[in-house]
Amino acid sequence: MDAQEWQAEQERLDRVTEKLKARIGELEPVVTGLSDQAAELRRRFWEEVTVNTSSDEEFEETFYTIKQQAAVLSERERRHRLLTQQWRSLNRLLPSPYFGRIDFLEDGLNLSEQIYIGVSSFVEQDGLHFLVYDWRTPIASLYYDHSPGAASYDTPGGRITGTMEMKRQYQIQHGQIRNLFDANVTIGDELLQQMLSKGADSQMKSIVATIQKEQNAIIRNDRSRLLIVQGSAGSGKTSAALQRVAYLLYKNRDTLKADQIVLFSPNPIFNSYVSSVLPELGEENMQQTTLQEYLEYWLGSSLRLEDPFDQIEYVLTAQSTLDYEARLQGMKYKASEAFLKALQNYAQWLGQEGMLFTGIRFQDRELISAKQINSKFYSFDASLRLANRIELLKKWLLKELSLLELKEREASWVKEDLHYLDNDQYAEVFGELHKDREVFDIAERYALIHEKIRNKRREDEGDFDYAEREEDLLSQKIVKVSFKPLRQKVKKLSFIDVQGLYAGLFADEAAYREKSKEAEIPVLWAEICKQTKEKLDRQELFYEDATPYLYLKELIEGVRTNTEIRHVFVDEGQDYLMFQYEYIKKLFPRARMTVLGDFGQAIFTQSTKLQGADSPLVRLYGEDETSLIRLVRSYRSTREIVEFTKELLADDSEIVPFDRSGPRPLLVRLEDGEKRDARLLKDIEALKAEGFDSIAVITKTAAESRTAFESLQKQDCEALRLITKETVTFQKGVMVVPVYLAKGIEFDAVLIYEASPQAYGLENDRKLLYTACTRAMHRLHLYSTGEWSPFVQALPASLYEKGPN
């Protein structure tokens with residue numbers, strides 16, 4: 001590019017930068033002023049309102065005054081939010097207003113338009129001319145999807161066709177063009193090279209300038225009910241998914257809010273790692289959680305749930321225990337479609353017999369027995385669904401409690417309580433009825449005013465015994481407060497013994513076959529039953545039991561749903577069970593789902609096949625409602641690391657490395673653990689000297705992590721961090737981490753602590769080793785104190801270097 005054209009581009013950038021500064025300068029005092037106004041309005045809110053409830057007219061005037069003041073405050077705050085958002089967007093643009101340009105000549109027009117693309121839009125004061133287009137606008141898709149030549153893009157009004165005359169990419173820092181080049185087929189190879197050559201950050205970054213065509217298809221897909229992204233390690237599937245969230249929020253900004261989107265993360269530390277992506281793009285963060293947190297929420301405090309990390313730790317470390325094989329069979333069976341069908345059949349059986357209820361007790365008395373509840377339940381029409389009959393039963397129980405409450409007002413304990421109430425207790429009883437409410441709502445206050453007026457008239461007429469009325473009212477309220485926990489339990493369906501019903505499935509083989517109509521059961525079924533019941537007796541639940549337990553609970557009680565959530569994202573989707581997808585779909589019935597996965601990283605005991613007509617997930621939504629996008633190019637690691645790691649898989653994986661070179665992986669074999677640790681520490685220091693400050697020592701298990709951490713600490717490894725399942729923030733530095741907690745995260749350098757057959761010798765260990773190695777961006781070292789893992793031994797010698805012993 002000649003100097004004259006470069007100069008013209010810099011001059012254009014200078015003009016845009018000056019206009020940005022001017023607009024920011026205009027907005028700043030307005031934003032500050034509105035903030036001050038809103039704060040002042042909030043401070044003086046009640047000073048501007050005279051509360052007078054002495055008559056109906058005064059009360060009504062007070063009500064409308066409050067409403068008017070609230071509307072003024074709401075408008076100030078809304079305007080302040082909008083202008084603040086605009087001000088922040090402009091400040092984000094200022095250091096680098098745009099990263100791309102396309103010249104597009106629309107069919108039927110004579111003049112091409114120069115379209116500059118950045119992280120948000122910037123419009124001239126007239127509101128008509130775009131100086132910068134947001135990367136999420138329809139026309140910006142040209143930049144990601146097309147090369148110079150014939151091109152088109154979709155708009156709400158239809159498809160626009162034309163010719164792309166030029167595509168240009170910029171690297172701008174602090175208002176100066178640092179790099180400028182015209183792009184052809186692949187976007188951002190030069191810029192992407194520069195970005196990938198840098199060190200790993202403590203948080204994932206949003207690099208919208210380097211979105212590839214296949215990633216753009218993920219971002220802009222808004223038709224499919226289910227979008228499955230099958231991507232190799234480091235293919236950018238998580239980054240594309242987060243940018244998809246930003247796109248959806250932008251496109252549907254009038255109807256979709258960030259809190260209507262949920263991301264299910266593989267672990268808590270991953271939430272910290274990706275937390276900065278959306279704010280960088282000017283959007284609020286969506287809800288981020290783990291499936292474990294959701295399961296624990298719906299299970300409540302009645303049962304303590306094993307987490308998936310304890311489950312995998314058991315699988316990886318307990319092979320020598322007597323009950324190991326039975327537990328594995330149980331995990332496999334409880335994740336199967338056969339067990340799903342068995343629970344459905346069990347629910348049908350419960351419609352005829354076998355329901356378990358808990359009687360309702362009050363003050364050591366049984367008000368309604370379990371036998372009465374059972375009899376009433378089976379008196380309802382048997383053709384009704386279980387959940388509908390439970391709803392009828394709940395209404396009957398509440399009605400019975402109301403009748404019992406009326407009778408209870410005459411009980412001797414109520415009269416005794418009346419005699420011992422002081423003023424504070426009186427206030428407490430009355431206040432209990434309005435717990436967590438500082439002020440009555442307007443309607444109730446209005447009704448109380450009318451009640452006072454009527455009572456005053458009756459007093460004046462001499463036919464009102466105030467003391468007797470007060471005693472009746474107080475007796476009524478004492479009983480009402482006492483019965484309130486009973487009503488709450490009934491409303492929460494606590495009278496159903498769900499735990500007993502689930503345990504009833506595991507009584508014995510004959511009972512299970514009768515209740516579930518299941519023909520094929522695991523060989524070690526008796527031992528599986530014993531393990532499950534022992535766990536339940538301790539008020540605990542295996543991780544593999546959690547979703548089936550909740551599924552049965554909902555078959556009986558009815559499905560709890562959240563209709564506010566519109567999009568659900570599931571990362572590491574291959575590690576979710578069929579039961580869990582069924583549960584998520586029922587929980588969020590109005591939501592579209594985006595599932596990100598890599599079967600090469602399916603390290604948990606049971607995994608779900610994500611693609612193909614035989615995929616349970618595809619069958620759940622239907623092929624017509626499902627789109628599959630495959631990402632085969634790996635961007636995270638150097639070519640040498642990708643070539644090494646892809647050979648660890650046994651399926652001839654179609655992983656294509658991005659053209660970025662570096663040293664081949666290093667294999668270091670040592671005599672014992674002490675020498676290994678010394679060499680590992682020496683290598684860490686060398687890597688730090690090279691400028692790498694995100695270094696992970698990856699172990700197979702948490703137990704091995706603790707051992708490695710303690711051993712390395714003894715050799716004076718400074719600033720070493722141990723990552724556990726309780727770790728919630730991701731930071732740079734040198735860390736020791738089990739492989740299953742490193743999923744989804746990248747490091748400058750990865751050091752595999754022990755790559756011997758003892759660590760990775762079984763076929764089930766293959767994907768664990770692959771997952772661990774694919775965390776590395778620039779350097780990969782493997783250490784062994786004996787023979788190499790068979791998966792390493794099978795690799796061609798040309799893929800690695802051998803280090804000195």
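It should be emphasised that the depicted structure is a prediction, and the values quoted were computed from it without experimental measurement. Starting from 1, each residue takes its place in the sequence as its number.
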Open item on the list: Using a strict threshold of under 4.0 Å (side-chain N to carboxylate O), is an ion pair present between Glu564 and Arg590?
Closed with: no
Open item on the list: Working to the nearest 0.5 angstrom, can you tell me the gap between Arg560 CZ and Tyr297 OH?
Closed with: 9.0 Å
Task: Ion pair Asp310/Lys725, N-O distance below 4.0 Å - done: yes
Open item on the list: Taking Met355's backbone N and O only, do any of them form a donor-acceptor pair with Tyr378's side chain (distance below 3.5 Å, no angle check)?
Closed with: yes
Open item on the list: Between Glu557 and Lys553 (salt bridge meaning N to carboxylate O under 4.0 Å), is one present in this structure?
Closed with: yes
- [ ] Please confirm whether the backbone N or O of Ile723 pairs with a side-chain atom of Thr727, one donor and one acceptor, at under 3.5 Å?
- [x] no
TODO: Please confirm whether the backbone N or O of Gly236 pairs with a side-chain atom of Ser239, one donor and one acceptor, at under 3.5 Å?
DONE: no
Open item on the list: What I'd like to find out is whether the side chain of Glu582 reaches to under 4.5 Å of the side chain of Tyr551, using heavy atoms alone.
Closed with: yes
Open item on the list: Checking Ser265 now: which residues fulfil side chain to side chain contact (heavy atoms under 4.5 Å, CB included) with it, not counting sequence neighbours?
Closed with: Leu263, Phe270, Asn271
Task: Test item: side-chain donor near acceptor, Ser224 and Ser627, under 3.5 Å - done: yes
TODO: Identify the heavy atoms of Tyr324 and Val315 that sit nearest to each other, and give their distance.
DONE: OH-O, 2.6 Å
Task: Check ion pair Arg592-Glu625 (N to O, under 4.0 angstrom) - done: no
Open item on the list: Between Arg775 and Glu746 (salt bridge meaning N to carboxylate O under 4.0 Å), is one present in this structure?
Closed with: no
Open item on the list: Between Glu527 and Arg327, does any NZ, NE, NH1 or NH2 come within less than 4.0 Å of an OD or OE carboxylate oxygen?
Closed with: no
Open item on the list: Nearest 0.5 angstrom please: Phe495 CZ to Lys489 NZ, how far?
Closed with: 13.0 Å
Task: Donor-acceptor contact present, side-chain Lys334 to main-chain Pro548, <3.5 Å - done: no
Task: Electrostatic pair Asp575-Lys743, nearest N-O below 4.0 angstrom - done: yes
TODO: To the nearest 0.5 Å, tell me how far Ile556 CD1 sits from Arg389 CZ.
DONE: 11.5 Å
Task: Side chain proximity check, Glu754 to Glu704, heavy atoms < 4.5 angstrom - done: yes
Open item on the list: Quick one, Leu343 and Asn345 - any side-chain contact, counting heavy atoms below 4.5 Å?
Closed with: no
Open item on the list: Could you check whether Arg513 pairs with Glu509 (Lys NZ or Arg NE/NH1/NH2 to Asp/Glu carboxylate O, under 4.0 Å)?
Closed with: yes
TODO: Salt-bridge test for Arg706 and Glu710: reply yes if a basic N is under 4.0 Å from a carboxylate O, no otherwise.
DONE: no
